[in-house]
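Structure first, then comments.
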Amino acid sequence: PPTLKLTPPSRYAEAAGAGVGGAERGDMHRSAGVAMAWNVFRFCTALRGLGSIMILLVLAIVGVTYYAVVLCNYGPALLLGGGATLAALAVLLLFHFLLAMLLWSYFSVVFTDPGSVPPNWNLDFDEERGETAPLSSSDFNSQMNPQQSMATGDTGNPRMRYCRKCNQLKPPRCHHCSVCGRCILKMDHHCVWVVNCVGALNYKYFLLFLFYTFLETTLVTLSLLPHFIAFFSDVEIPGSPSALATTFLTFVLNLAFSLSVLGFMIMHISLVSGNTTTIEVSIL
């Protein structure tokens, strides 16, 4: 007769313990993922709240520089007469021109929309080949199946991608910004100094902002260099202690900004020459 094999109770206990342990490990992994997503969300929220502070910080640096150059040094030099007056006038004219262009380009980056994906956008033709080469039926079928795209994160078409956060298709070279909370066309990076994303529509203003910032900070550094050298000499320097301290601080700040912006500008010029962006280079 057939024999009935009984499983010892210890085997059931081991199996139950393994199941409970696996469930606990799964819960731990899920909780860790939720905690990480929550921390990233808090970081992005902090960057959004940092916006007005960064604009005020930029205006404060501009104000300190204006006070040191115009009110403390080259403004009073206009009353000296002779060659000193002409030199001061030339510095002040160039300083105000570059300052106006710097502020114009800065606020253009701040208030210009970097470019977003239109609602219900669909890729109805091959953008790389032009309108004369429409997409195949399989491309349209994959494009019209967003639920499958949400599950896999890919539409099956290398020319099309699906954003799970925005729940829509996104064009090539488009990336989602967690700080702005939307997809940005040809996104380069999110800049905390301009409180905005740098994308397709405001990248020109961003390059101009770097260019005029470099010229302005270099001009201020060179114009205040004689006053900075005078700090370490035995020559008596006219002016109040607060004016001298402001001049010293302005020189150091503008020297640091000119060097850093120069490197940043060279990097972006190389990106433009290669027709790529900061995000695309980091991905590669």
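Side-chain atoms are counted along with the backbone in the values below, which use heavy atoms only and exclude waters and symmetry mates.
Atom CD1 in Ile55 sits 7.5 Å away from atom CG in Leu59 (nearest 0.5 Å). Atom CZ of Phe206 sits about 13.5 Å away from atom OG of Ser108, to the nearest 0.5 Å. Atom SG in Cys163 sits 5.0 Å away from atom NZ in Lys170 (nearest 0.5 Å). To the nearest 0.5 angstrom, Phe251 atom CZ is 7.5 Å from Leu224 atom CG. Separating the NE2 atom in His227 from the SG atom in Cys72 is a distance of 10.0 Å, to the nearest 0.5 Å. Atoms CD1 and OG, from Ile184 and Ser116 in turn, are 6.5 Å apart once rounded to the nearest 0.5 Å.
With a 4.5 Å cut-off on side-chain heavy atoms, Leu208 and Trp104 count as touching. Between Phe228 and Leu255 there is no side-chain heavy-atom pair separated by less than 4.5 Å. Contact check for Asn167 versus Tyr162: side-chain heavy atoms found under the 4.5 Å cut-off. Considering only heavy atoms from C-beta on, Leu253 stays 4.5 Å or farther from Thr65 through its side chain. You'll find the side chain of Cys174 reaches within 4.5 Å of the side chain of Val117, heavy atoms only. Considering only heavy atoms from C-beta on, Arg173 stays 4.5 Å or farther from Leu185 through its side chain. Side-chain contact check for Pro114 versus Met187: every heavy-atom pair is 4.5 Å or farther apart. Tyr205 has its side chain out of reach of Val110: every pair of non-hydrogen atoms, C-beta onward, lies at least 4.5 Å apart.
In the hydrophobic clustering of this structure, Leu222 does not group with Val70; members are Ile, Leu, Val, Met, Phe, Trp, Tyr whose side-chain heavy atoms approach within less than 4.5 Å, directly or through other members. Leu79 is not connected to Val91 by any chain of hydrophobic side-chain contacts under 4.5 Å among Ile, Leu, Val, Met, Phe, Trp and Tyr, and they are in different clusters. Residues Val64 and Leu71 are members of separate hydrophobic clusters, defined by side-chain heavy-atom contacts under 4.5 angstrom among Ile, Leu, Val, Met, Phe, Trp and Tyr. By the rule that hydrophobic residues join a cluster once side-chain heavy atoms approach within less than 4.5 Å of another member, Tyr66 and Val69 end up as members of one cluster. Cluster annotation: Val62 and Val192 are assigned to the same hydrophobic cluster (Ile/Leu/Val/Met/Phe/Trp/Tyr, side-chain heavy-atom contacts under 4.5 Å, transitive).
In this structure, His189 has its ring center at least 6.0 angstrom away from the ring center of Tyr203.
No donor-acceptor distance shorter than 3.5 angstrom exists from the side chain of Thr218 to the backbone of Leu215, with no hydrogens or angles considered. At least one donor-acceptor pair under 3.5 Å links the side chain of Tyr74 to the backbone N or O of Ser223.
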**Request:** Starting from the C-alpha separation in whole Å, work towards a yes-or-no answer on side-chain contact (heavy atoms from CB on, under 4.5 Å) for Met265 and Phe211.
**Result:** CA-CA 7 Å; Met265 186 173 61; Phe211 177 70; 4.3 Å; yes
**Request:** For Glu216 and Phe95, run side-chain contact (heavy atoms from CB on, under 4.5 Å): C-alpha distance rounded to whole Å, both residues' side-chain angles, the deciding distance at 0.1 Å, then the answer.
**Result:** CA-CA 7 Å; Glu216 177 77 349; Phe95 173 82; 2.9 Å; yes
**Asked** Could you walk me through whether His268 and Leu207 pass the side-chain contact (heavy atoms from CB on, under 4.5 Å) check?
**Response** CA-CA 8 Å; His268 278 277; Leu207 292 179; 3.8 Å; yes
**Item:** Verdict with reasoning, Leu92 to Leu78, per side-chain contact (heavy atoms from CB on, under 4.5 Å)
**Value:** CA-CA 10 Å; Leu92 290 177; Leu78 292 174; 3.6 Å; yes
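The pair Asp113-Arg182 meets the salt-bridge criterion, since a charged nitrogen lies less than 4.0 angstrom from a carboxylate oxygen.
Ring orientation note: the planes of Phe209 and Tyr106 are tilted relative to one another, at an angle of 30° to 60°.
Closest heavy-atom contact between Phe257 and Thr217: CB-CG2, 3.9 Å. Contact record, Ser178 with Lys165: OG-NZ, 3.5 Å, taken as the closest heavy-atom pair. Between Thr246 and Thr250, the closest heavy-atom pair is O-OG1, 2.6 Å. The minimum heavy-atom distance between Thr277 and Lys186, with the atom names listed, is CG2-CG, 4.0 Å. Considering every non-hydrogen atom in both Thr112 and Leu201, the closest pair reads CG2-O, 3.7 Å.
Residues Asn254 and Thr221 bring no donor and acceptor atom of their side chains to less than 3.5 Å of each other. Judged purely by distance below 3.5 Å, without hydrogens or angles, the side chains of Thr247 and Asn73 pair a donor atom with an acceptor atom.
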